[in-house]
J.: 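Below is one structure. I have some questions about it.
Each chain gets a letter, A, B and so on, in the order the sequences are listed, and its residues count up from 1.
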Number of protein chains: 2
Amino acid sequence: MQAREKQMVELIELLFFAYRDFVSDPDEILHELGFGRAHHRIIHFVGRNPGIRVSELLEILRITKQSLGRVLRELIESDHVFQREGEADRRQRLLFLTPKGEALRNELVRPQIARFEEAMSGSGSDAEAACREILFRLINEDDRANVRQLIAGRAENAVID
Amino acid sequence: MQAREKQMVELIELLFFAYRDFVSDPDEILHELGFGRAHHRIIHFVGRNPGIRVSELLEILRITKQSLGRVLRELIESDHVFQREGEADRRQRLLFLTPKGEALRNELVRPQIARFEEAMSGSGSDAEAACREILFRLINEDDRANVRQLIAGRAENAVID
DNA sequence: AAAATATGTCAACAAGGCTGACGTATTTTG
DNA sequence: CAAAATACGTCAGCCTTGTTGACATATTTT
């Protein structure tokens, strides 16, 4: 094995361990509520994209509608998420967080923000930008444009009535 | 939400998408063999740490021995992994990859190396070091020393007879 | 009016986690 | 040396979250 490849393997492992611990704080919180990681992902992306369509969510999460359906139903029944008909297209069921859902989303994202802030402390803004760029380029090339738009955030202040 | 927090949320999402795609290539290969991500993790860490003890593997993967047991048995039956009694402590069942296991490990790691190399191309070695450091600091503080040692690789050329 | 689209749902199944209980070598300890 | 601790394996049952396939309903597009 070349030295360069060895360095890459080290990065592979770092990413594995970083991700393992990165999801561990939310996992604990969720477990107490009887929820799992699947609920987290829905809460997160609905919170970040109020009014997101079901089909968009499916594409982001790369799961089937049947998988989504079960978990989404639980979140609706527990009053964390609600749906509204699309105005332009009434077949759509746009997704929003309730105040309760927003509260949970906040609780879940807080430790993750803290973890990144701690990880960044001591690094300059150039280091942060470098890391951001590398993470971005780990994403499939054909999906980067989508992700860039998603991350930029679209209807940040969507009116929910 | 503060601007700084928003930046952190963007990083959180980048990590999510990066990881999602990062594991997708191995997943495809594994699926054709009737294996899953659990098999991958075992193959990877046994390959990187020949002679690793079962209990060490459990700690790395953060799963129970019952979960490991099933998947490990499959890998042993399919002749990807074999066990040997520890010399010093004969209760131990040290784990090694067979040549077949090594071949699979290589096949699985290749696309991940390629992905990181592509992601790094264009970034300088300082950017790479910065990213490495940030990923490292995402790991739980009490586990960083362990991970550092693990990643450095210990018995790189362990004799297997 | 017919076809396509967006979504929901039922059913059956699989991977891969979990807990709890118990068994067997082997090593360590009092 | 006997007893306790350790390393590991295994049986059984359960949960979450993913899958495929088939079918239903409302709405929009053609």
J.: Check whether A/R132 reaches the backbone of B/L11 with its side chain - one donor and one acceptor, N or O, closer than 3.5 Å.
T.: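 No, A/R132 side chain to B/L11 backbone: no donor-acceptor pair under 3.5 Å.
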J.: Answer with base, sugar-phosphate or nothing: what part of the nucleic acid does B/E74 contact at a heavy-atom distance below 4.0 Å?
T.: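 Since no nucleic acid heavy atom lies under 4.0 Å of B/E74, the category is nothing.
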J.: Regarding B/G36, tell me which of base, sugar-phosphate or nothing describes its non-hydrogen contacts under 4.0 Å with the strands shown.
T.: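 Sugar-phosphate, no base atom in range.
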J.: Kindly state each residue pair satisfying ring-ring contact (aromatic ring centres under 6.0 Å, His included) with at least one member in residues 41-61 of chain A, sequence neighbours excluded.
T.: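 Non-adjacent pairs meeting ring-ring contact (aromatic ring centres under 6.0 Å, His included): A/F45-B/F16, A/F45-B/F17.
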J.: Reading nucleotides 22-27 of chain D 5' to 3', which nucleotides get B (base under 4.0 Å from a protein heavy atom), which S (sugar-phosphate only), which -?
T.: B---BB
J.: May I ask you to evaluate whether B/S67 reaches the phosphate of C/dG16, defined as a side-chain N or O under 4.0 Å from OP1 or OP2?
T.: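 Result: no.
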J.: Test your reading of the model: is there a side-chain donor-acceptor pair from B/N140 to the backbone of B/D142, 3.5 Å cut-off?
T.: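 Between the backbone of B/D142 and the side chain of B/N140 there is no qualifying donor-acceptor contact (under 3.5 Å).
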J.: Between B/Q92 and C/dT27, is there a side-chain N or O to OP1/OP2 distance below 4.0 Å?
T.: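 Indeed not, no polar side-chain atom of B/Q92 lies that close.
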J.: Does B/H39 have a side-chain nitrogen or oxygen under 4.0 Å from the phosphate oxygens OP1 or OP2 of C/dA15?
T.: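 For C/dA15, neither OP1 nor OP2 has a side-chain N or O of B/H39 closer than 4.0 Å.
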J.: Any ion pair linking B/E102 and B/R105 (charged N to carboxylate O, less than 4.0 Å)?
T.: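 A salt bridge links B/R105 with B/E102.
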J.: OP1 or OP2 of D/dC8 versus the side-chain N and O atoms of B/S55: is any pair under 4.0 Å?
T.: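 For D/dC8, OP1 or OP2 has a side-chain N or O of B/S55 closer than 4.0 Å.
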J.: A/R37 near the nucleic acid: base, sugar-phosphate alone, or nothing, with a heavy-atom cut-off under 4.0 Å?
T.: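 Sugar-phosphate, backbone atoms only, no base.
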J.: Should the pair A/R137-B/E128 be classified as a salt bridge under the 4.0 Å nitrogen-to-oxygen rule?
T.: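 Salt bridge: no.
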J.: Scan side-chain atoms only and decide if A/Q112 and A/R115 contain a donor-acceptor pair under the 3.5 Å cut-off.
T.: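 No donor-acceptor contact under 3.5 Å links the two side chains.
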